[in-house]
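As C-alpha cells, the structure follows; a few thoughts come after it.
Since the model is a prediction, treat every value here as computed from it, not as a measurement.
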Amino acid sequence: MSETATAKPADEEEVREAMMDVVDPELGIDVVNLGLIYGIHVDEENVATLDMTLTSAACPLTDVIEDQARSATEGLVRDLKINWVWMPPWGPDKITDDGREQLRALGFNV
C-alpha cells in the first residue's frame, strides 16, 4: 500500500483555516470571516466539498473565488468541490466578530 493511500484525509478545521486565505475581491475580507462557508465535508478519499454562498447570487466572482479556493487547499486535499448554495441567503448577520472588525477597519459600518 502506498504512503498516500494510508495518509489521513484533512480535517474540516484544516480546510477552514486554508480558506481564510481566500479573500472576497470586493470586500477584501476572507470568505470564512464573511460567513460565506456554510459547511465543509472531507471524504475518505481526501476530497473536500464546501457548501458555500456569495454575498449575492448575481456575484460575477465565482470563478475567481473558486480559483483562490483551489490554490488555498492545494496540497491539503486531493480535490476541492464547491457546492454553491443560495438558501439560506447570505446576510451581514453571518459575518464573524473578526470579520466585523476587519470591515470596520476598512471603513464599513457593521
Which residues pass the side chain to side chain contact (heavy atoms under 4.5 Å, CB included) test with [X], not counting sequence neighbours?
| X | value |
| --- | --- |
| Thr62 | Leu54, Trp84 |
| Pro88 | Tyr38, Lys94 |
| Pro89 | Met87 |

With salt bridge (charged side-chain N to carboxylate O under 4.0 Å, His left out) as the rule and sequence neighbours excluded, what pairs involving [range] come up?
| range | value |
| --- | --- |
| residues 95-108 | none |
| residues 50-77 | Arg70-Asp79 |
| residues 14-23 | Glu13-Arg16 |

Residues two or more places apart in sequence or in another chain: which of them pass side chain to side chain donor-acceptor pair (under 3.5 Å) with Asp24?
->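 Applying side chain to side chain donor-acceptor pair (under 3.5 Å) to Asp24 gives none.
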Applying side chain to side chain donor-acceptor pair (under 3.5 Å), name anything that partners Thr96, two or more places apart in sequence or on another chain.
->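 For Thr96, the residues satisfying side chain to side chain donor-acceptor pair (under 3.5 Å) (neighbours in sequence not counted) are Asn33.
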Can you measure from CG (Leu80) to OG1 (Thr73) and round to the nearest 0.5 angstrom?
->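 Spacing of CG (Leu80) from OG1 (Thr73) equals 4.0 Å.
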Hey, could you give me the CE/CG distance between Met19 and Leu50, rounded to the nearest 0.5 Å?
->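 If we round to the nearest 0.5 Å, Met19:CE and Leu50:CG are 5.0 Å apart.
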Does atom CG of Asp93 have more than 12 heavy-atom neighbours from other groups under 6.0 Å away?
->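 Check passes, neighbour count above 12.
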Let me check something: any side-chain donor-acceptor pairs from residues 39-46 under 3.5 Å, sequence neighbours excluded? List them with distances.
unit_1: Asp43; atom_1: OD1; unit_2: Glu45; atom_2: N; d: 2.9
unit_1: Asp43; atom_1: OD1; unit_2: Asn46; atom_2: N; d: 3.1
unit_1: Asp43; atom_1: OD1; unit_2: Val47; atom_2: N; d: 2.9
unit_1: Glu45; atom_1: OE1; unit_2: Arg78; atom_2: NH2; d: 3.4
unit_1: Asn46; atom_1: OD1; unit_2: Ala10; atom_2: N; d: 2.8
unit_1: Asn46; atom_1: ND2; unit_2: Leu76; atom_2: O; d: 3.1

